Amino acid sequence: MTEISIQNCLKSNVGAFGLSPADIQSAGKALKAANLSLDEQRRRHEIGFFDLPDNISEAKKIAAIAGKWRGKYENFVVIGIGGSALGNIALQTALRPWTWNLMSASQRKGWLKIFVPDNVDPTLIGGLLNTLDMSKTLFNVVSKSGTTAECLANYFILRNALEKKVGKAKANDHVIFTTDPEKGYLREKGRKEGILTLNIPPNVGGRFSVLTPVGLLSAAAAGIDIVSLLAGAKAMRERCANSNISKNPAALYAWAHTLFYKKGRNVHVMMPYSNELKDIADWFRQLWAESLGKKTDRKGKTVFVGPTPVKALGATDQHSQVQLYIEGPHDKVITFLSVDKFGTELKIPSYDKHPLGGKNLGQLLKAEENATRDALANEGRPNLTVSVPEVNARSVGELLFLFELATAYSGEFFDINAYDQPGVELGKVLTHKYLSA
Ligand code: PA5
């Protein structure tokens, strides 16, 4: 089961810069108000992410669709950006070997290689054009709005290459759209041309959409157990129904960060000590930033609020960032993402009686994690640990839901709308203006 430890947020461990147990318990009133508000928003169908773990039958349908591609196609390309790409990447990194796309079809048991080119850099898309066999490739065009420039531009380029290879008539067999059920370019085009089109619920925003077909389809195409993913999310949702802050991991995570933010700790670092979890930190960075970075509160008062999320990776960033975290300004809270048991163990061979000989690589990584945690605490730097027994579909589902709900709680504690993104929309409008100038 996923566990959260805030011991190193407390004065008893980090001294004057920490929180007191009374600070944690002071959440009572705010948590009650947050739960009421979230319940109301759910009842009004304004927030849909909360209900996604119940969509088991949809997940089974998605798994069945992907099952038909097994052995028939080789590549699955997700064309999307932001919330329409980061969850896909996080799932792939967490739940498939990092060398997945180098493995043979039989090593992949017929499941597809996954590519998520989430930028409009010509070298990125050019690389795919030069490499992929279009006749063995599926393209999943993912856009909630169905109008995002980056997504459509990449689609048009890749579609053109696809048509050249397989012919116009057959190109649609290689394309799946994932978009709003009613509106947008993709929905209209899908309807007109009979392209398989999956729905993103209107009340689920991009950054909360990993457990919709947005994230589930590419995961299923790679053979990931998406039903277990939802089961993990559901288990976390049930745990977080607790109104006691100490027993509600999402509320605890949000409350500790809110308190530290108010004390000037506005940089929130997520540092997995696991390569498999590194892109969960990337996914979380968008979730936390876009949801909580707001100019006005819900009453319309200008607040300019929002923590700055930073992603790091242990042990790699011990040799890059950690000096700053330990001795730099007192503006950070660090979250360790920790794994009890790695999927692979590797023994370090003994050479020249070196003390590393005979130890496991995972043991070394764990020692580095513990050392960094202690070093931070010794210097009065608050940090939390979120740990999973091992990385699997269920534990990843738990983590995703934990952080989504923590984001929703933080929105409540900051009294802001965590589900809009007017700044992003402004950028989209200005891009179109520049293009047409
Ligand atoms: O979380 C969000 O809402 C955004 O990051 C969107 O996901 C991103 O801008 C892409 O939008 P769309 O899915 O409409 O193409």
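The shown structure was predicted, so the numbers you read here are calculated from the model rather than taken from an experiment. By convention here, the first residue in the shown sequence is residue 1. Counting starts at 1 for both ligands and their atoms, following the listed order.
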When you measure from [atom] to every protein heavy atom, which one gives the shortest distance, and what is it?
{"atom": "atom 10 (C) of ligand 1", "answer": "I81 O, 3.3 Å"}
{"atom": "atom 2 (C) of ligand 1", "answer": "E290 OE1, 3.2 Å"}
{"atom": "atom 11 (O) of ligand 1", "answer": "K428 NZ, 3.2 Å"}

Need the ligand 1 atom indices (1-based, order shown) with element for anything under 4.0 Å from a heavy-atom of [X].
{"X": "G206", "value": "1 (O), 2 (C), 3 (O), 7 (O)"}
{"X": "T148", "value": "11 (O), 12 (P), 14 (O), 15 (O)"}
{"X": "R207", "value": "1 (O), 2 (C), 3 (O)"}
{"X": "G83", "value": "5 (O), 6 (C), 7 (O)"}

Salt-bridge test for [X] and [Y]: reply yes if a basic N is under 4.0 Å from a carboxylate O, no otherwise.
{"X": "K192", "Y": "E188", "value": "no"}
{"X": "D180", "Y": "R187", "value": "no"}
{"X": "R298", "Y": "E412", "value": "yes"}
{"X": "D331", "Y": "R381", "value": "no"}
{"X": "D420", "Y": "K294", "value": "yes"}
{"X": "K170", "Y": "D173", "value": "no"}

- Tell me, please: is Q286 in heavy-atom contact with ligand 1, that is, under 4.0 Å? yes
- Item | Atom pair CG (N248) and CD1 (I4), whose distance is rounded to the nearest 0.5 Å | 9.5 Å
- Query: With a 4.0 Å heavy-atom cut-off (strictly under), which part of C151 contacts ligand 1: side chain, backbone, both or neither?
  - Reply: neither
